[in-house]
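Please read through the structure below; I'll follow up with questions.
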Number of protein chains: 2
Amino acid sequence: MPSTTVEDYLKRLYMLQQQTERRLVSMGSFAAAVGVAPGTATAMVKTLEDSRLVEYESRQGVRLTDAGERLALHVLRRHRLVEQFLVEVLGLDWSEVHPEAEVLEHAISDKVLARIDELLGHPEVDPHGDPIPTPAGDVADRTLASLAECEIGQPMRVAQVLDQDERFLRFADESGLTPGIDLTVESRDDVADAVTVRAGERDAVTVGTSVAAKILVEGV
Amino acid sequence: MPSTTVEDYLKRLYMLQQQTERRLVSMGSFAAAVGVAPGTATAMVKTLEDSRLVEYESRQGVRLTDAGERLALHVLRRHRLVEQFLVEVLGLDWSEVHPEAEVLEHAISDKVLARIDELLGHPEVDPHGDPIPTPAGDVADRTLASLAECEIGQPMRVAQVLDQDERFLRFADESGLTPGIDLTVESRDDVADAVTVRAGERDAVTVGTSVAAKILVEGV
DNA sequence: GATGTAATTTTGATTAGTCAAAATGAGTAA
DNA sequence: TTACTCATTTTGACTAATCAAAATTACATC
């Protein structure tokens with residue numbers, strides 16, 4: 001029933017909310033995240049409010065209602081299952097599946113989604129380590145440290161990569177910074193704003209803090 | 001680049017053209033096939049003409065240009081490969097894949113399509129026996145007889161079923177009238193407007209001529 | 001040739017989604 | 001308070017796609 005456009009707005013709002021205290025998202029950041037002019041976002045938010053998918057207080061901000069969040073998570077589930085499917089079944093590279101899933105997430109029926117889920121053996125994460133919401137809309141919330149903050153010298157395993165940019169993902173792949181890989185942070189240099197990690201037998205890799213912050217790890 | 005709507009109009013026009021002498025399609029039948037009001041079809045045809053996807057003479061009819069046909073065949077290829085994929089890989093029933101493919105045909109990229117084609121081993125027909133156009137836009141044109149006109153008593157094999165309706169397809173399945181099945185026409189009764197066929201060890205099945213005309217067979 | 005019918009085209013309106021630019025308002029600095 | 005800045009909202013306009021209903025036209029029939 002909701003249009004592709006509406007699904008997109010809700011998904012973006014959900015993702016923004018995750019990074020916002022009190023879940024309240026400003027119009028400006030919302031418009032930017034969706035990629036439309038500010039006025040367009042205001043207009044859409046009003047129609048979303050009419051459909052009871054968001055709460056909105058003029059000049060305060062927007063927030064998903066329960067119904068809106070449910071829908072957003074449904075879209076996110078489709079997106080991530082599709083990504084996993086494209087990598088596991090069709091053999092695409094993890095760096096190229098995001099834009100494909102961005103389209104397919106609006107075209108997959110519940111029936112097809114269920115089959116994909118089954119075929120994949122009910123995966124819990126997508127190729128980037130992002131958790132796949134359950135059909136009921138539950139998301140595993142792991143609290144993961146990033147390479148920019150985790151303990152030095154401890155054996156760690158990459159769990160999630162927080163960037164969908166194709167070039168970034170190819171770089172991460174070449175550097176061995178992909179989910180499942182074991183590594184240790186060798187050193188961190190605040191002045192150089194850099195982190196050096198070593199994954200197994202590979203050469204050590206040094207990346208800037210902003211990149212390190214996008215690689216989430218868990219203890220192993 | 002072309003919208004989902006445009007893709008749909010072109011695909012429908014292609015399919016109508018196949019049943020029309022001189023490939024010229026009337027506005028009325030075009031509008032009906034797409035499922036819009038006549039005026040809507042007229043308007044769309046004009047914009048398609050501006051894009052050089054159709055030729056159009058007022059009150060005469062519409063016809064695809066080469067560019068239009070190429071695009072239509074591309075959509076048809078996506079549709080049929082997706083149907084085959086849904087049945088072969090995801091295990092959906094042939095009676096339920098048409099509406100799914102109707103949506104997915106507009107959401108599949110060339111890259112994903114190529115992977116699907118490969119995974120399926122470059123199939124030549126979809127689950128209903130409809131030929132899958134090649135990437136270059138060539139369609140195998142077999143000249144198949146239907147159960148309403150083929151020779152009586154000769155061993156035949158079902159090649160194609162010309163109806164996408166879910167109920168019809170379930171009926172065909174139950175009656176053993178699916179592509180690949182071997183059968184013979186036992187008798188044809190013009191007065192009763194009926195055709196009786198026997199498939200292997202099964203009980204003979206009698207169907208009306210209008211149904212028989214939808215089941216295409218080839219000599220075996 | 002005149003007329004009637006039915007298909008087709010035109011017209012006027014609507015909805016969803018969008019932008020640019022003007023107007024508004026809330027908070028900060030003076 | 002007053003003024004200023006910047007985010008937000010409003011306004012006016014546009015495009016794609018649609019419909020209903022009025023106007024047109026081609027064709028068959030008389």
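Order of the sequence lines fixes the chain letters, A, B, ..., with proteins taken first and strands second; residue numbering starts at 1 for each chain. Note that the structure is a prediction, hence the values are computed from the model and not measured. Both backbone and side-chain heavy atoms feed into the values below; hydrogens, waters and symmetry mates do not.
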Check this for me: B/Glu124, atom CD, are more than 12 non-hydrogen atoms of other residues, nucleotides or ligands nearer than 6.0 Å?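 Not buried by this count: 12 neighbours or fewer within 6.0 Å.
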Regarding the side chain of A/Tyr56, the nearest nucleotide among C/dG17, C/dT9, D/dT9 is D/dT9
Rounded to whole Å, the CD-P distance (A/Glu57 to D/dA7) equals 21 Å
From CG of A/Leu48 over to P of C/dT18, roughly how many Å is that when rounded to an integer? 11 Å
From the list D/dT9, D/dT18, C/dC19, which nucleotide is the closest neighbour of the side chain of B/Tyr9?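 Nearest listed nucleotide: D/dT18.
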Please classify the nucleic acid contact of A/Phe30 as base, sugar-phosphate, or nothing, using heavy-atom distances under 4.0 Å. nothing
In whole Å, what is the span from the CE atom of B/Met44 to the C1' atom of D/dT18?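 In whole Å, D/dT18 C1' lies 10 Å from B/Met44 CE.
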Phosphate OP1/OP2 of C/dT8 contacted by B/Thr42 side-chain N/O (<4.0 Å):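 Looking at the OP1 and OP2 atoms of C/dT8, neither is under 4.0 Å from any side-chain N or O of B/Thr42.
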Shortest side-chain distance from B/Ser58, nucleotide among D/dT9, D/dA17, C/dT9: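 It is C/dT9.
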Shortest side-chain distance from A/Val36, nucleotide among C/dT18, C/dT10, D/dT9: C/dT18
Pair A/Lys111 + B/Glu96: basic N to acidic O under 4.0 Å: yes
Name the residue closer to the 5' end of DNA chain C, choosing between B/Lys46 and A/Thr4 according to the nucleotide with the nearest heavy atom. B/Lys46
At 4.0 Å (heavy atoms only), tell me whether A/Gly39 reaches a base, stays on the sugar-phosphate, or touches nothing.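 Base contact.
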Would you mind reading off the distance between B/Met27 atom CE and C/dA7 atom P, rounded to a whole angstrom?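 Spelled out: CE on B/Met27 to P on C/dA7 is 15 Å.
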How many Å lie between CE on A/Met1 and P on C/dA16, as a whole number?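 In whole Å, C/dA16 P and A/Met1 CE are 13 Å from each other.
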Could you give the CG-to-P distance, from B/Asp50 to D/dA17, as a whole number of Å?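 In whole Å, D/dA17 P and B/Asp50 CG are 13 Å from each other.
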Restricting to ring-ring contact (aromatic ring centres under 6.0 Å, His included), what partner residues turn up for B/His128, sequence neighbours left out?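 For B/His128 the ring-ring contact (aromatic ring centres under 6.0 Å, His included) partners, ignoring immediate neighbours, are B/Trp94.
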Report the residue (B/Gln60 or A/Thr47) whose heavy-atom-nearest nucleotide on DNA chain C is the more 5′ of the two. B/Gln60
Minimum-distance nucleotide (side-chain atoms of A/Val6 versus C/dT9, C/dG17, D/dT9): C/dG17
Working for side-chain contact (heavy atoms from CB on, under 4.5 Å), residues A/Asp189 and A/Asp193: CA-CA 6 Å; A/Asp189 183 334; A/Asp193 191 42; over 6 Å; no
Find the distance A/Leu24:CG to D/dT8:P and express it as a whole number of Å.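 Distance, rounded to whole Å: 10 Å.
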Just the rounded figure in Å: distance from P of D/dT5 to CZ of A/Arg59.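 Computing the A/Arg59:CZ to D/dT5:P distance gives 18 Å.
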Where the side chain of B/Thr40 is concerned, which of C/dT24, D/dT18, C/dT9 is the nearest nucleotide? D/dT18
With the threshold set at 4.0 Å, does a side-chain nitrogen-carboxylate oxygen contact exist between B/Lys11 and B/Glu7? no
Ignoring the backbone of A/Ser26, work out which of D/dT25, C/dG17, D/dT8 is nearest its side chain.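 For the A/Ser26 side chain, the nearest candidate turns out to be D/dT8.
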